[in-house]
Structure formats: structure tokens, C-alpha cells
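Keep in mind that this is a model prediction, so the values were computed, not measured. Residue numbers begin at 1 in each chain, while the letters A, B, ... track the order of the sequences.
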Amino acid sequence: MTILDGKPKEQYQVKAINTEETITRRLEALGINEGTVLTLMNRKRNGAFIIKVRGTRWAIGKDIAKGILVEPAGGRNEE
Amino acid sequence: MKSIHVGFAGNPNCGKTTLFNAYTGANLKVANWPGVTVEKKEGETVYKGQPLKLVDLPGIYSLTSYSIEEKVTRRCIMEDDIDVIVNVVDASALERNLYLTLQLLELGKPVILALNMMDIVEERGMEIDLHRLPEMLGSIPVVPVSARKRTGLDVLMHAVVHHYEEQHSPHVVQYSENLEEKITILEEALRRKNPGIANTRWYAIKLLERDEEISKEYPLNLPEVLDRSYEKDIINQKYTYIEEIIEETLFYKEEKGAFTDKVDEVLTHPVWGMPIFFCVMAAVFFLTFAVGDFLKGYFEIALDWFSGAVSGLLTSLSVADWLISLVVDGIIAGVGGILTFLPNIFILFLALAILEDSGYMARVAYVMDSLMGKLGLSGKAFLPMVLGFGCTVPAVMATRALEKEKDRKRAILITPFMSCSARLPIYVLFADMFFGNYAMVAAFSMYVIGLLVAILVAFLLRLHDKKKENGTLLIELPEYKTPNGRTIAVYVWEKIKDYLTKAGTTIFVASIVIWFLLNFGMQGMVADVSDSFGAVIGHWLVPVLAPAGLGLWQVGVALISGISAKEVVVTSFAVLFGISNPNSAEGMASLTSQLGVYGFGALNAYCLMLFCLLYTPCAATIGTIKKETGSLLFTLKTIVFQLLVAWCAATIVFQIGSLF
């Protein structure tokens, strides 16, 4: 699954990042790497997503979100 | 004594600029970095007799060479402009901030860690081990500060003065065996080939990352070592080390307050987010108009008094009539007229500064993303558009936040349609004159129309564009916080200073030029303005502007002069119709009746406002567009396109309006 299929307030672990090369590097530099646990904070129907990673909130567009492969990490918004 | 050059580096939103301002106050030199339009701020301070030169480096998340800001920071530090790096870190987001810290440490320069926002750390029930943290970072000084409460400032400068000569080992992060082996081989090769390099480890790491700049400058022919890009491995291993640091130094004493999450549930709500944003913008404009106009009244009284006093003084000194005319009708009417709008401008920038500093501005990008996505732009492109309400020049510069060239050009093309504060004086004047109680509605409609035109243009470009790729949104949403008075004061003062400088230079010169064009003609100084050079130019434009309801030669002159700066349109009207203060009740009455003689009524006034909203941006904007895009052709196209849009819109409104 990708973040697109995620539910708000749930935690997910990043399995792979499958976006444009420069975007992937940028995400990695921001601490969104394989194995990182992120919380999906908020989402808009057909729109952008807010995720929380390493204590920081990021707004990411749909086209990036669909490239972040995740699986449920269990546990709710605890960080 | 030689001054120490201190570079302030840190992530965006870490309080770096607030800390920088705490040392320098508003007393700084703002210029652009050479070759690029990234702002460079420099200030000076003295600590116990030691002069210090402080440089505010751009806010960045990492030291790669993907963005202009990153390149600028790297070059500035590497080329020995900086003696010591103060790495400002948001202690409440330590994990993310430490990534840049590890990269800065690898540069080999003296680094001092300024742990900012320690008060928030405490508030959230977190604790940081201040003994273990420096140990894990190669024993660099770590100083807790609060930029907002101004604590720890002296200790930080003390550390700078006493540690700036201490080179520390850039060997903080130990990479995997495989990588370390490669680094050793590369360091060896680099030392042989470029004996001048001080910190070979950094260059070796950059070569392994296949960094564009370094690979070009220091190419090594070692295909078996540099067999692929190891950037991903290097990033991941840095984060592994950061996780270790966090585990050993950061403790949660209790569950942290989720204030930001609660606020975000409302402000970024899927349904309510957008209406709330529009209400916020409406409130900003209400304040700008209603409160601003109230204060403006006092400015006008002062200006009237000043104008009368100067006129009286010059007459009593028997100064030549033409000189009195130049000073009173030209300069005082021109420059003074613009100064009376200072309260409106002040309130607008104050509001924008508060929205920015509180953390709300970043949410706008998220809230607007789905709408912007339909236009083929990322939500990020909305920020330059909002800034465009303040001034088009920084707004065009802000489009650099967009990664793709095509996105940037599209954003640059539509940003000037956002009504900037310089156009406000025009609306205020004409709306007050012709729309009475509905003045505010008429003026506000300009902002809405500007926004709609921008959206329409973006939409049409999107239809025209075959590829239909979306812009990408990737933006940090900082914690909400109470805006900092000092940061806001410095921001607003910078903008006001710009405005005053413009009034003192561009508008001063424009006032004199306009005065000359209107008071001189083929026969020298003319008594009747209709014999002047200005009238000749204006008459040429009458046939073109007539379909748009603007067929007065005075309007033509005003619009041309408005290209120097949009406010000048107001100045020109004042000078053209011989009104010392167009904002006073008498001034407006006189202008309305004079215009009425030509049959220039409310519909014409509305078309004029519309034309001013949409036509060619001011000279400063044109210059910025040229500089940002590096393309004269694109700049010229923008100018022609906007003229056409303005003419078409005004013509349509006038022709349809005339039917009723």
C-alpha cells in the first residue's frame, strides 16, 4: 500500500520510496527513509497529506504520497 | 582587531533569524548573494571588545547541491568567508535538525551548536542531556539559548570568541566498513592530486554521493571505488547515528502537549480549512482598509498643513512661481500623496508578518493544494501569490521555492495579477470618490478579480499544456507559536523602509518628470496643461483606451507614469488636476467634479481600477522577472500579455456596463 490508502491518525512504516530521483533524495535528507515510522496526521479528499516524521509535520502532495510505499506499523499517534 | 566572521546556519523555522536579529537589531545590511537573488543579511556586533561580523545564511535542511540556497550556503562556508559556524537548532525538533548539524560538522570548520527553543522542550515535558549531546557531536560547544526570550545570548558569543580557532575532527559519524574503506582511498587520491585541500574527508564523501559540483571540480578516475552513488547509504547511516544520539540524549518525562495538532484539526480541516483561510484574508483586508483609512486621516491633515506652510514660506521669500509649482504641485503632492498611504501599507505587512511568524502561512499551501492542483500548480505556488498581495517583487522572488522551471515561470506569470499594496492607493482613491458607502466592496472586488484572473490564466495554461504534470508539494508545517514582536518589528520595518525609500527615490523622480511633462510644452513652460508634452502623449493613447472607458488623455498619462511604480497613478491624477491632496474631502470633491465634466463616472472609475490591477507591473517587478527567469523574451511576453489582459477586461466591463 502507499500513503494514499492510509487513514488519519494511524502509524505506518516506510517500505520503499519510489519517486523522482531528486525528490527521493530530498525526502531521505528530511529523514523519510526506508524503515522510518510516520504518522498520517490529516488528509484531504483527492488532495494533499500531512505526515509527522521525527517530530516534524510535513505537507506532501498527492504525487509524492503515491510514491511512498508503507505498511501499517500498529499503534496510534504516539510517536 | 580583525573581526570574526560568524555564519548562522540552520533549518527553516528554527528561529535562526530571530536569534540573528537579537544580536543585530534592525541594524543590518540586506543584499543579494552574488549572482543569485537569495537574500543575504549581514550585521555587526561587539563582544567584550572583539568585533564580530554576523552573516545570516539561508535556511536549509541539508548541504547537498539541489537548491540554490544550499549551494549558496555551502560556497559561503567553504570559500573561507566564515570563521565559525553557529548552527541554530530547534531543540524541540532535534532529530530532524541534527542531520544538517552532522553535515556541517563534516565540513571541518569550528561549529557551535545553539540549542534554541529550550523553553518549548520544557513545556512539552522533554529533557535533553546537555553533557552527552556534545560528547556525541565531537565535543563541540553546545549552548542553550532562547532567541525569543533573549537568554543565553552572551554565553553563545562567549563560546564563539573562545572556540573559533579550535578545529575539531570532522570524523563524528562512523560509516560502514565498506564506505570508510572507500573514503580512505579517495582521501589518499585527493591529497595526492590536490595538496591544497584541508578537509579531504568531506570531499571524499561528496564524491561518493556523486555531488554535481564537487565531482566536476575534483574529478577522480577511480571507477572501482566510485562505482555508484552512495548518497542513499550515507544519508541512511547519518540518520542511524542520529537515532543513537536521540536515544541517549532525549528523554520524555511526560506526554507532550499536542497543541499544534489540536489547532491543525480546525485550521487544516478538509472542509473548513479553505473557508477559514478566506475569512482570515478578508479580516486582513478589513483591517488594512478600515483601520488604515482612519489613521490616514491624520496623515492628510499633517500633509495639508505642511503643503500650505511650504507654499507660504516660498511665497514670502519671493521664490519664482515655477519653483513653487515644482516643489508644491510636483514634489509635495507626489511624494506626500504616497506617504499618506503608509498606515494602510503598515497594517497589511503587519498582518502578513503575524500570519507568517505564527506558522499559519505554511498551512495555506496545504489548504490550497487541491485547488492549485487543478490549475497544474502545487499548493506551494500559493505562497508567492499571497505575498503578491504585499509586493510583487518579493513574491516573484519567492517562486524560487518551486523546483521546476516550468512551474516557476507559470507562477511568475500569474503573480503580478495579485493586487499588490502599491495598487491600493488607486483603489482607495477612486472607490472613495465614486462608490460612497460601497467603496470597500469596490476595492475588495479588485482583490477577488485579481485572484480569479490569476486562476483563469493558470487554468488556460494548464489546458494548453499537454504533459499535465503536477507541481509537487513538500513543505514543513512548523509548530504554531505566539508571533515574536521583535521579528515582526524587523520585518515590517524593512518593508516600510523599502516603501519610504521608493517614495524618496523612484516616486520623487517620477513626480518631477511628470511635473515637467505637464508644465512644459513645445513653447516652453505652459500655463494650460492641455498644451504640455504630457497632453500630446496622452492624446495618442485616447483612441486605444476609449473602448475601455478610459478615453481621457489624462488617464493615458497617468497609466504610463504608473509603470514606474503603480502608486504614481494617484500622484499623476493629483498633478494633472492640480489637487494638492487627493485624499482630502475637498481634493476628492474637486477631482470628481473635474472628471465629471468629461463624463468620467463610476463605471469609468471601475474600469480604471480594473486596468490598474491587471496591466504591466511596475519597473521594479519587470526587472525582477528578467533577473529571475534570465529571459528577456519571457519578460517581454509577460508585459505584452498583461497589457492585453488589462485592456480586454476593462473593455468587456465597460462595454457591458454601458448597456445598462
Side-chain angles (χ1 to χ4, degrees), chain A residues 2-4 6-11 13-68 75-79, chain B residues 11 13 61-64 66-67 90 92-100 103 209 229 231-232 235-236 238-240 242-243 246 252 255-256 258 260-261 264-265 268-271 273 362-363 365-373 378-380 403 469-479:
Chain A
T2 66
I3 294 186
L4 287 186
K7 288 194 198 76
K9 304 278 183 284
E10 300 278 340
Q11 291 199 328
Q13 187 173 35
V14 179
K15 286 286 121 190
I17 298 175
N18 189 8
T19 54
E20 232 174 90
E21 178 78 8
T22 50
I23 304 268
T24 307
R25 293 288 163 267
R26 185 140 293 272
L27 289 172
E28 284 169 353
L30 298 174
I32 303 168
N33 327 66
E34 277 165 37
T36 309
V37 174
L38 57 85
T39 311
L40 183 58
M41 301 299 289
N42 206 342
R43 61 173 298 175
K44 296 212 290 184
R45 228 164 6 100
N46 290 319
F49 293 74
I50 298 179
I51 56 169
K52 197 167 172 185
V53 179
R54 300 179 198 269
T56 308
R57 291 168 194 79
W58 299 95
I60 56 172
K62 202 175 160 186
D63 47 334
I64 296 183
K66 74 173 179 230
I68 304 180
R76 289 172 70 84
N77 189 16
E78 296 159 334
E79 286 263 335
Chain B
N11 286 183
N13 309 309
Y61 294 108
S62 70
L63 271 188
T64 44
Y66 289 127
S67 76
D90 174 358
S92 67
L94 195 59
E95 193 169 347
R96 189 235 319 149
N97 279 252
L98 281 178
Y99 181 72
L100 180 66
Q103 287 195 317
E209 287 177 355
S229 164
E231 188 171 11
K232 188 177 179 169
I235 294 173
N236 281 336
K238 276 205 183 83
Y239 266 106
T240 310
I242 291 172
E243 280 162 18
I246 293 297
Y252 288 94
E255 194 76 1
K256 67 176 163 186
T260 295
D261 293 343
D264 261 348
E265 258 170 42
T268 63
H269 189 276
V271 178
R363 268 78 183 176
Y366 169 76
V367 169
M368 297 304 291
D369 190 64
S370 52
L371 183 65
M372 297 296 282
S378 91
K380 236 180 178 177
E403 282 89 7
E469 35 181 287
N470 267 317
T472 44
L473 177 72
L474 178 58
I475 190 172
E476 184 190 346
L477 304 181
E479 297 277 332

Are the aromatic rings of B:Tyr99 and B:Tyr239 close, with centres under 6.0 Å apart?
-> yes
Between B:Gln103 and chain A, which part of the residue has a heavy atom less than 4.5 Å away: side chain, backbone, both or neither?
-> neither
Between B:Asp261 and A:Arg57, is the closest basic N to carboxylate O distance under 4.0 Å?
-> yes
Given a strict heavy-atom distance threshold of 4.5 Å, which part of B:Asp264 is in contact with chain A: side chain, backbone, both, or neither?
-> both
Determine the minimum heavy-atom distance between A:Thr39 and A:Gln11, stating which atoms define it.
-> OG1-NE2, 3.4 Å
Check: B:Pro478 and B:Thr260 side chains under 4.5 Å, non-hydrogen atoms = no
With chain B, which of A:Ala29, A:Gly61, A:Ala65 has the greatest number of heavy-atom pairs at distances under 4.5 Å?
-> A:Ala29
Part of B:Tyr366 lying under 4.5 Å from any heavy atom of chain A = both
Does a salt bridge link A:Glu28 with B:Lys238, judged by any charged N lying under 4.0 Å from a carboxylate O?
-> no
Comparing B:Leu371, B:Thr64, B:Ile475, B:Ile235 against chain A, the one with the most heavy-atom pairs below 4.5 Å turns out to be B:Ile475
Taking NZ, NE, NH1 and NH2 as the nitrogens, is one of them in B:Glu209 or A:Arg25 under 4.0 Å from a carboxylate oxygen of the other?
-> no
Heavy-atom distances under 4.5 Å only: say whether A:Ile60 touches chain B with side chain, backbone, both or neither.
-> both
With a 4.5 angstrom heavy-atom cut-off, could you sort out which part of B:Ser62 is near chain A: side chain, backbone, both or neither?
-> side chain
